[in-house]
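The chains referred to below are lettered A, B, ... by the order of the sequence lines, with proteins before strands, and numbering in each begins at 1. Values in this document were obtained by computation on a predicted structure and should not be read as measured data.
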Amino acid sequence: MEYKFGEIEKKWQKYWDENKTFKVEVDHSKPKFFILDMFPYPSGSGLHVGHPEGYTATDIVGRFKLMKGYNVLHPMGWDSFGLPTENYAIKTGIHPNIITKKNIQVFKRQLKSLGFAYDWDREISTSDKKYYKWTQWIFTKLYNKGLAYEDEIQVNWCPELKIVMANEEVVNGKSELGGYTVIRKPMKQWMLKITEYADRLLEDLDELDWPDNIKEMQRNWIGKSEGANVKFKIADHNQTIDVFTTRSDTLFGATYMVLAPEHELVTKITTAENRKKVNEYIQKAAGKSDLERTDLAKEKTGVFTGACAINPVNNKKIPIWVADYVLISYGSGAIMAVPAHDQRDWEFARHFDLPVIPVLEGGDIEKEAFVEDGIHINSGFLDGLGKEDAVNKMNSWLIENKLGKKEINYKLRDWVFSRQRYWGEPFPILKYEDGTVRCLDDDELPVTLPEVEKYEPSGTGESPLANIDSWLNVTDPKTGKKARRETNTMPQWAGSCWYYLRFCDPGNDEKAWSDEAEKYWMPVDLYIGGVEHAVLHLLYARFWHKVLYDLGLVSTKEPFKKLVNQGLILGEDGEKMSKSRGNVINPDHVVNNYGADSLRLYEMFMGPLEKVKPWSEKGVKGVFNFLVRAYKFFANPDHLTKETEDPETLKVLHQTIRKVENDIEGLRFNTAISQMMIFTNHCMKAGTVTRNTAEIFTKLLSPFAPHLAEELWQIFGNRPSIAYEEFPVYNEEFLKEDIFEYPVSFNGKLRFKIELALSLEKEEIEAAVLSDERAVRWLDGKKQKKIIIVHKKIINVVV
RNA sequence: GCCCAGGUGGUGGAAUUGGUAGACACGUUGGACUUAAAAUCCAAUGGCCAUAAACGGUCGUGGGGGUUCAAGUCCCCCUCUGGGUACCA
């Protein structure tokens with residue numbers, strides 16, 4: 001009766017494959033459940049044990065929902081465009097397509113070896129032209145809606161990778177991938193107007209069943225702030241400077257102004273004697289990496305322009321400075337500085353000896369800026385007011401005097417949507433010689449990637465596509481004009497922005513998805529993935545989804561109803577798994593030694609799904625032992641000879657049904673497994689159980705360890721697949737208890753336990769407890785003040 | 001700096017609304033089986049004190065205070081760890 005997991009697992013994987021056990025179609029007679037994993041990037045190193053954590057969780061929920069009568073959509077695919085593949089292609093000269101196909105093969109074999117209940121007929125790959133045709137199609141929708149535009153912008157140029165990166169891909173002045181230095185350089189880029197959706201992306205977060213911290217991160221990223229736009233006249237010029245401020249109430253305390261070095265007015269207003277200094281400063285700022293510019297600890301720098309502005313509230317002249325602590329990309333790129341009540345301005349004023357005028361009472365402005373609420377002083381018509389009232393009054397005053405208006409600003413910026421790379425979706429864009437642009441029509445899609453010899457970027461900043469004349473230069477059949485194709489490609493986020501929609505209807509050649517499939521399957525009921533995508537992927541996908549919603553192409557405002565982030569799995573040494581540390585665990589190794597069911601079970605048993613937790617091979621052995629014991633016990637007919645089940649076993653069984661069901665619903669897989677262990681231990685002690693008991697237990701186990709469950713199910717003489725069986729229902733009858741062992745404590749300290757009938761009245765319990773000889777001892781002649789009796793919980797005697 | 005999460009035995013972790021802290025598992029120790037080992041099975045296993053043994057006592061959920069009959073759980077202060085973020089006006 002050996003547990004031959006290797007044979008068992010291969011046998012059932014083959015069975016599921018051949019019988020298409022998990023094939024799924026739209027079926028209006030059943031409620032649907034759409035479960036989604038963040039699909040993997042098929043890297044060259046294959047799966048690591050972090051991947052199956054989320055996948056196992058979704059698989060358990062999927063199999064459970066199936067047994068609960070749902071029509072479950074649980075697909076898998078590949079986020080297969082991406083930089084590492086292209087870099088590998090550059091190094092080896094092998095076509096990224098070939099590399100990708102190979103990597104996918106490895107990933108697929110590995111995933112299949114884990115027994116996930118995917119409908120493999122729905123497999124998609126973002127680098128497949130059948131898929132990216134529709135990514136391009138969505139781009140045309142964005143373009144035609146006016147949400148895509150080209151702009152000459154300061155971009156993050158990485159000389160090493162020869163690519164432009166979005167701000168969010170640059171970490172501390174280095175590229176997120178590879179850690180190369182990034183500098184700023186102006187370049188024409190495709191942009192998506194995600195800012196137009198900022199408010200809705202913010203508001204609709206409220207209705208999502210997402211972890212609060214993720215919602216908070218998105219809120220912070222969008223960074224909505226309400227304030228006022230104030231116009232400052234420039235002395236001896238007829239121009240004005242607009243500033244954005246959330247603290248218009250401190251206007252009387254504005255003692256200078258600051259423009260970002262890139263601000264267009266800087267060169268216009270700088271006086272002759274300051275020109276040299278200012279130009280030098282601008283040059284220096286441009287040469288600085290983001291790392292240097294955003295280093296909070298550094299001393300503030302800046303130069304005086306020689307020009308002055310007029311503070312509109314008191315007509316005082318205040319100097320205008322240039323400093324790189326003001327960012328051109330936020331607000332208007334200019335600020336009014338209130339050093340008494342803003343720490344950054346305070347530091348700057350201190351350094352350059354500029355006046356600091358307090359306009360709110362409180363704090364000690366000799367030491368630091370006072371940023372809290374207080375009563376206004378030195379503020380004319382605001383004197384005596386608190387912050388909120390003063391802001392309102394000032395804003396009304398500004399509007400009345402046509403000196404400003406209310407304004408809302410966002411940290412969120414438009415999305416830089418082009419990459420100078422080969423391995424991405426080409427844009428469906430033609431550029432004519434006269435500089436005009438045409439976005440292709442549906443019937444002209446897809447624009448496929450041409451074959452190239454070399455994958456290196458052109459070096460001028462353009463992608464390798466710029467070198468392929470035959471692809472690049474075309475005569476547009478629709479207009480007859482000569483045209484050049486757009487040589488940029490889309491970023492990796494593009495494909496993953498809508499893959500969940502394609503999963504609803506992956507084989508559709510006519511449309512990206514049918515209305516019927518979309519209406520039936522959407523939204524995604526449960527989305528599990530890593531927290532690293534908390535902001536970008538999830539925000540971009542929500543943005544696209546809202547655009548599609550506005551176009552009537554999808555029926556839900558939000559794509560992902562419930563989101564859960566699985567925690568990282570660390571190496572045995574408690575460090576992040578990495579090749580360099582040599583602590584990477586390959587799932588193949590675990591499958592070979594202990595089997596897929598053990599791997600699945602262990603990943604779930606380690607601890608709460610959301611938590612970061614270290615790997616332990618000993619732990620794998622622990623759950624492996626459990627499976628061996630379960631197999632040896634239940635597969636042996638000698639143990640299933642009981643005719644009528646013991647009440648005690650029935651009780652544990654039904655407790656187990658209840659706990660496993662509740663825990664799966666709550667994604668608490670670790671405690672569900674421990675309950676199944678308790679049950680198995682109980683059965684082994686009992687010696688024999690009924691076949692019915694064994695079958696019920698096997699069904700409970702089946703979402704977790706599906707291969708073993710199928711095997712047992714067959715051994716019991718049933719027809720496969722157990723995946724189609726109904727999930728057991730617990731019966732309250734068997735859970736009833738009539739006696740309870742009450743812990744009795746004196747002044748909150750547990751002293752002894754006493755078995756009492758649950759039917760007893762409080763007075764009877766009290767009498768029983770007090771007459772117990774142990775109680776007499778603990779009372780020690782003293783009189784009890786009162787007795788607290790909590791039904792089925794505890795008895796506490798207060799002495 | 002700010003925001004978020006967290007700190008429970010030797011280890012991973014349990015503890016549903018405040019109600020028996022340490023479920024389950026790993027590890028360790030002892031025993032059975034074996035020529036022996038592995039595997040398996042059985043038993044013990046938070047610290048300290050006490051005891052021939054049993055019954056026990058006492059401390060204990062990062063630290064300190066508080067609320068409560070009762071606190072891992074609620075409140076206040078401190079501390080440490082992990083993650084995120086970066087001059088956003």
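For the pair Phe746(A) CZ and G57(B) P, the interatomic distance rounds to 11 Å; values are reported in whole Å. As a whole-Å value, the separation of Leu627(A) CG from C26(B) P is 12 Å. Spacing between atom OH of Tyr594(A) and atom P of C26(B) amounts to 12 Å, rounded to whole angstrom units. Taking atom CD of residue Gln655(A) and atom C1' of nucleotide U16(B), one finds them 14 Å apart after rounding to whole Å. Between the CD atom of Glu216(A) and the C1' atom of C3(B) there is a distance of 8 Å, given to the nearest Å. Computed from coordinates, the Leu750(A) CG to C69(B) C1' distance equals 15 Å when rounded to whole Å. Straight-line distance from the CD1 atom of Ile795(A) to the P atom of G19(B): 16 Å, rounded to whole Å. Remark: P of G56(B) and NZ of Lys753(A) are 11 Å apart, rounded to the nearest angstrom.
Using P as the reference atom, U20(B) and G72(B) are 10 Å apart when rounded to the nearest Å. The separation of A38(B) from A52(B), taken at their C1' atoms, amounts to 39 Å, rounded to a whole angstrom. Going from the P atom of C55(B) to that of G65(B) covers 34 Å, rounded to whole Å. G10(B) sits 22 Å from U58(B) when the C1' atoms are compared, rounded to a whole Å. Nucleotides U51(B) and A36(B) place their C1' atoms 39 Å apart, quoted to the nearest Å. Distance check on atom P: G57(B) versus G6(B) gives 35 Å, rounded to whole Å. Across A50(B) and A54(B), the matching C1' atoms stand 13 Å from one another, rounded to whole Å. Between the C1' atoms of G84(B) and U29(B), the separation comes to 45 Å (whole Å).
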Set out, line by line, the N/O atom pairs under 3.5 Å between protein and nucleotides 49-51 of chain B.
none

Write out a two-atom table: protein N or O, nucleotide N or O from nucleotides 23-25 of chain B, distance below 3.5 Å.
residue : atom : partner   : partner atom : Å
A25(B)  : OP1  : Asn681(A) : ND2          : 3.0

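Sequence order on RNA chain B of the closest nucleotides to Ser616(A) and Gly331(A) puts Ser616(A) first from the 5' end. Position along RNA chain B of the nearest nucleotide to Asp342(A) versus Asn662(A) favours Asn662(A) as the more 5'-ward residue.
Side-chain contact annotation: Arg413(A) with Ser329(A), donor-acceptor N/O pair under 3.5 Å present. A donor-acceptor pair shorter than 3.5 Å cannot be found between the side chains of Thr56(A) and Glu603(A). If you check the side chains of Ser598(A) and Tyr3(A), you find no donor sitting under 3.5 Å from an acceptor. In summary, the side chains of Arg629(A) and Asn681(A) do present a donor paired with an acceptor at a separation below 3.5 Å, with no hydrogens or angles considered. Side chains of Asp663(A) and Thr671(A): a donor-acceptor N/O pair is present below 3.5 angstrom, by distance only. Asp199(A) and Tyr410(A) are linked by a side-chain donor-acceptor pair at a separation below 3.5 angstrom, with hydrogens and angles left out of the test. A donor-acceptor pair shorter than 3.5 Å can be found between the side chains of Tyr594(A) and Glu617(A).
The cationic atom of Lys300(A) (NZ for Lys, CZ for Arg) lies less than 6.0 Å from the six-membered ring centre of Tyr325(A) and within 45° of the ring axis.
U51(B) is unpaired under the Watson-Crick or G-U wobble criterion, no partner having all donor-acceptor distances under 3.5 Å. The partner of A43(B), taking Watson-Crick or G-U wobble pairs whose two distances both stay under 3.5 Å, is U29(B). In this structure, G1(B) and U85(B) make a Watson-Crick or G-U wobble pair, each of the two defining distances being under 3.5 angstrom. When both pairing distances are held under 3.5 Å, U61(B) makes no Watson-Crick or G-U pair with any nucleotide shown. The base-pairing partner of G22(B), taking Watson-Crick or G-U wobble contacts with both distances under 3.5 Å, does not exist among the strands shown. Shown here, G6(B) forms a base pair with C80(B); the pair counts as Watson-Crick or G-U wobble because both key distances fall under 3.5 Å.
Closest to the side chain of Arg751(A), from the set G57(B), A39(B), C69(B), is G57(B). Between G19(B), G13(B), C69(B), one nucleotide has an atom nearer to the side chain of Lys793(A) than all others, and that is G19(B). Taking every side-chain heavy atom of Pro608(A) into account, G13(B) is the closest of G13(B), C87(B), A89(B). With distances taken from any side-chain atom of Val790(A) to the nucleotides C87(B), G19(B), C69(B), the minimum falls on G19(B). Distances were taken from every side-chain heavy atom of Ile788(A) (C-beta onward) to each of A89(B), A21(B), C69(B); the shortest belongs to C69(B).
Listed pair Lys611(A) / G13(B) meets the phosphate criterion, a side-chain N or O lying under 4.0 Å from OP1 or OP2.
Checked for salt-bridge contact, Asp242(A) and Lys231(A) meet the test: a charged N lies under 4.0 Å from a carboxylate O.
Ser225(A) comes within 4.0 angstrom of sugar-phosphate atoms only, judged by non-hydrogen atoms across all strands, and of no base. Residue Lys411(A) is classed as a base contact, given a heavy-atom separation below 4.0 Å to a base.
Side-chain atoms of Lys300(A) come within donor-acceptor range of the base of C87(B), with a qualifying N/O pair under 3.5 Å. Judged by distance alone, with hydrogens and angles left aside, Asn213(A) brings no side-chain donor or acceptor close enough to the base of C4(B) to form a pair under 3.5 Å.
No donor-acceptor pair under 3.5 Å is formed between the side chain of Tyr256(A) and the backbone N or O of Val338(A).
Ring geometry for Phe352(A) against Trp321(A) counts as tilted: the plane angle lies between 30° and 60°, on a 0 to 90° scale.
Syn is the glycosidic conformation of G9(B), whose angle stays within 90° of 0.
More than 12 heavy atoms of other residues, nucleotides or ligands sit less than 6.0 Å from atom CD of Glu741(A). Residue-environment remark: NZ (Lys215(A)) exceeds the threshold of 12 foreign heavy atoms within 6.0 Å.
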